Amino acid sequence: MIYKKIQEKWNKKWQDAKLFEATPIKGKKKFFGTFPYPYVNSYLHLGHFYSSMRLEALSRFKRMTGHNVLYAQAWHATGSPIVNAANRVKEKEKKQISILKMQGFSDEQIKKFEDPVEWVKFFPTEAQNDFNDMGYSIDWRRQFFTTDLNPHYDKFIRWQFNKLKEKNLVIKGKFPVIWCSKENNAIGDHSRLEGEGETPKDFIWIKYRMKDSDLILMTGTTRPDAVLATTHIWIDPKGDYVVVKVGDEKWVVGENVVQKIKDQYDSKVEIIRKIKPKEIIGKWCEAPLVEYEVYTVPAWFIDADVGSGIVYSALEDPVDLVEIQHIQADLNLLKDYDLDLEVIKKLKPISIIKVEGMSDNLGQDMIDKYKITSPKESEKVKNAKDELNKTIFRKGILKNNCGKYSGMEVPKAQELIKKDLIKSNDGAMFYEMTGKVVCRCLTPGIVKMVEDQWFLAYGDEKWTKQAHDCLDQMKLYPEKTRQQFNYVLDWLRNWACTREVGLGTRLPWDEKWLIESLSDSTIYMAFYTLYYKIKDVNPELLNDNFFDYVLLGKNVEVKVDKKLAEELRDEFEYWYPMDFRNTGKDLIQNHMSFAIFNHTAIFPKKHWPKSYGLNGHVMVDGVKMSKSKGNFITMRQAQKDYGADASRFTALSGGEGIDDANFDRDLAKSIILKLQSMLDFAKEYYNKGRKEKLGIDKWMDDKIDAIVKETASYYNETLFRSAIQISYFDMQNALKWYLRRCVNNPNLETINKFIETQTLLLAPITPFVCEEIWEILGKKDFVAVASWPKIKEIKIDNSEDFVKSTMEDIFSVLNLVKVKPKKISLFISPKWKYDLYKIIKKELEKTRDFKVIMGKVMQNSDMKKHSKEVMKIIQKTVKTGIDNVSSQEKEFKVIKESVDFFKQEFKANINVIKAEESKENKAQQASPGKVAILVE
RNA sequence: GCGGAGUUGCCGGAGCGGUCAAACGGGAUAGGCUUAGGACCUAUUAGCUUAGUGCUUACGCAGGUUCGAAUCCUGCACUCCGCACCA
């Protein structure tokens, strides 16, 4: 493999020359780009590769266009996955061990992974090798990893949080999470065996105070609006209920939901006694928000374990309605209970919601629609309920009998009613999971209210406004991600920023908490500008004053050497703000938005990020990359299989913008060969060729310049796929045509220009082969720091297109006649047609009306002679429009000069004649830009 | 449900009102080169028609605006991404 040798050679040379170590140069424009530090629990894969390549290629391009470029890279170890994985290794969990074995780790190394610290030591080094092998132009002096394992970084994060706290942006509160009671930890999506995407959902419990008693019946619901239509209470006659003491109150709930109260509401809840349902059935309760009392009725269809174990009934609900109708039809069902049947008989729906197109009895409408005849048709009943709830939520308006809620849309009313109930102590917030969740340790998840939690106040109005200000001044690649960002900035609410387990930095003022991983990674790009100069400084000296001095320019006392502090301040001021940060689109809704928020909170406006790049996900051969599909490719694997250059080329040509990118392995293979032949071509053709300059050489020179210009504009817009399209494929095609046209006898100057230019244009993409070529060309410096080619102004000349289309026309004629031609006559259009075209072209700018143009043309006496043909031409050109019109003389000259080329192509004699000078009928068919062809 | 992005030929994908049967890449077919294969080069790759520049049908579906629409507008269908405490 030739590329292996080339890679090693140039990697060493770059390193020896310290080519990518970036230091401030006064007065030189800078470019500071970053790629979010990867989490170091495994080798890097193609996803990392693709996203980071966009920064890497852009950095190289910027270097060639006169920028002082800083590209630094660090590693993220904050959070729990590493600790969890290490624990699993310790427990010798099979799945975890096999994952590591599959990655080729020895038993000895796996043993070492029992210690989380080993991961943090091991993977960054490996990742650095991967980046290096791929030819990344990173300043490695500045690399670091996160957490308190790195005391310098630890100090930085502490400073950051102190700053946020000062500004009241870190606040305390509580919030519900899905929890594993065995591991005593929240169960994130990644650690779930079952139930990905399930979240806690509001499920308010409403208090119905029993009359002549201090007991309160707790009824759970997702539809607090229906409380306005309460008709009665349902209770499971066979259920196990208890009375519990919550604060000063006595609640009646299902026995099995007590734990829920403990987890979510009050950890000190006490069971006072069991209570038989019969004690409750047939009693009256006060209904909140409405001014009447409701009766408790037995229900066989409710479950004491669900929700609170008791529900209130609003007979607009098809479930409730069909049940009560069932009971009313056969009151015998209630004979075991001491009930006032008159009350039962009178129960009927109270209409509180208007839905366009439905009657007042919403429940009945649904029962009729689903043709439900008995409560036993549970499938139908459930569907009817779901549909009604959806309809009400979307279209329902509260009627005039709803007091202050009258006229409100249902979602709004629900929120307000919830608030009001809580405020008047007629309700308590509880949560249910949207679906079943099972922890990796096989324990079913529950909802738990975490107390004492610290939040970043992303919901804060002023802060959100500032974040928008920042976004508004940023450039986004591609721009169409802006909508999504705008939405996210508004949507973000308080973010729980502390954890109890994992690796990380301790919260400075409450050290039982660790700062969570998405929260310690928001402004660390600033740390790149300092780290390489402070890593040997005693971290104890890096107090808040130090960072205030260096990063915020405050003139406060520092413990470090004053000169160093000043230097660092200069360095920070030089590199900041960050010019570009690139990552996958999945980070829009968290990391990238958090970075905006935090920059605006900590830094002055001039240091806010300048631009973001977002890219799609990576597919392999058109299929989403995943371990289970067996198409999971690590960076090192790609490098081994295809080499750095071909991998880089393939990744970047696989897609651009926000679309998913396809890493096509067949393409990667073919690129290896293509790069090899590019190298061979340079060797064979450079500095050889004729001196004489022909029209075709000038065409090629212009073509190259046009490609340079276009490529640069694509690089600037991070459109690397297009850049490759133009600078490689289009340029190769131009070369093919050029060599064909000059019968493989190129002009020396032109061919040199081609080779040099293509090498420069591709250097950001395929740096190794380009360095090698650059050396073969005898250039002394690295192509990596060579200047982007200068171009002269490009003239538009389409005479070459004329030659090409003429050639293609001859081919199509030959295809039809299928004879070996002896002589081919090419007729140039008669003169009058050029005039006609010019007139039409001018008229077309004003009108597309056939008659108007015809009239105008016919004013010219010359055209009258050809009226029939003129008509045809106008008819056609009105539809198609007209390109630039040349002259007969010019077209004649162009074709005449290409005679040698046509001879070579068609192995026949070529005859070029002006139409006027020929007697052939065919000759009259010629038109401007289109010769007539006669094959003999 | 909410928010976003999409739907183009055998496939991937450009195109953003006339120059579009649609760049470029891949595949397929034919020919050249070669001992053969690979690589490379050339032509063809919606249908019909024809010594070429013609007609018809095509750019998710249905309508509309326009002299003219893959491109603009409206409605519909479908696909993908995100919806959090997690990297």
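Chain identifiers are assigned alphabetically (A, B, ...) following the order of the sequence lines, protein sequences preceding nucleic acid strands; residue numbering begins at 1 within each chain. Worth saying up front: this structure is predicted, and the values here are computed from it rather than measured. FYI, side chains are in, hydrogens and waters are out, and symmetry mates aren't considered; it's all heavy atoms of this structure.
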Check your understanding: Counting any heavy atom closer than 4.0 Å, what does A:Val931 reach on the DNA or RNA strands: base, sugar-phosphate only, or nothing?
Key -> base
Practice item. Could you please name the partner base of B:C78, counting Watson-Crick and G-U wobble pairs only when both distances are under 3.5 Å? Key: B:G6
Point to revise | Selected nucleotide, minimal atom distance to A:Gln925 side chain, candidates B:C24, B:A87, B:U53 | key: B:U53
Exercise for review: Report the nucleotide, chosen from B:U53, B:A51, B:A87, that has the shortest atom-to-atom distance to any side-chain atom of A:Leu934.
Suggested key: B:A51
**Study point:** Least distance between heavy atoms, A:Lys624 atom then A:Asn631 atom
**Key:** O-ND2, 3.2 Å
Point to revise | Sequence neighbours excluded - side-chain hydrogen bond (donor to acceptor under 3.5 Å, both in side chains) pairs with any residue from residues 649-659 of chain A | key: A:Glu656-A:Ser722
Check your understanding: Nearest to the side chain of A:Phe811, which nucleotide is it out of B:A43, B:G3, B:G26?
Key -> B:A43
Review point. With a 4.0 Å cut-off on heavy atoms, is A:Lys841 in touch with a base, just the backbone sugar-phosphate, or nothing at all?
Key: nothing
Point to revise | Sugar-phosphate, base or nothing in reach of A:Asn494, heavy atoms under 4.0 Å | key: base
Exercise for review: Just call it for A:Thr199: base, sugar-phosphate, or nothing, with non-hydrogen atoms closer than 4.0 Å on any strand.
Suggested key: sugar-phosphate
Point to revise | Side chain of A:Asn590 - closest among B:C85, B:C2, B:C86 | key: B:C86
Practice item. Ignoring the backbone of A:Asn733, work out which of B:A87, B:G25, B:A51 is nearest its side chain. Key: B:G25
Practice item. Return yes if a side-chain donor-acceptor contact under 3.5 Å exists between A:Gln758 and A:Ser727, otherwise no. Key: no
Practice item. Ignoring the backbone of A:Asp659, work out which of B:G26, B:A43, B:A14 is nearest its side chain. Key: B:A14
Revision key, fill the gap. Checking B:C81, B:A43, B:U53 against the side chain of A:His617 (C-beta onward), the nearest is B:C81
Exercise for review: Can you tell me, in whole Å, how much space there is between the P of B:C59 and that of B:U19?
Suggested key: 16 Å
Check your understanding: Nearest heavy-atom pair of A:Arg499 and A:Glu516: which atoms, and what distance?
Key -> NH1-CG, 3.3 Å
Study note, to complete from the structure: Of the candidates B:C85, B:A87, B:G3, the side chain of A:Ser80 sits closest to B:A87
Exercise for review: Verify whether the ring centers belonging to A:Tyr524 and A:Trp75 lie closer than 6.0 Å.
Suggested key: no
Review point. Which listed nucleotide (B:A51, B:A84, B:G4) is nearest to the side chain of A:Lys922?
Key: B:A51
Check your understanding: So which nucleotide does B:C24 pair with, by the Watson-Crick or G-U wobble rule with both distances under 3.5 Å?
Key -> B:G12
Study note, to complete from the structure: Regarding the side chain of A:Leu667, the nearest nucleotide among B:G25, B:G4, B:U53 is B:G25
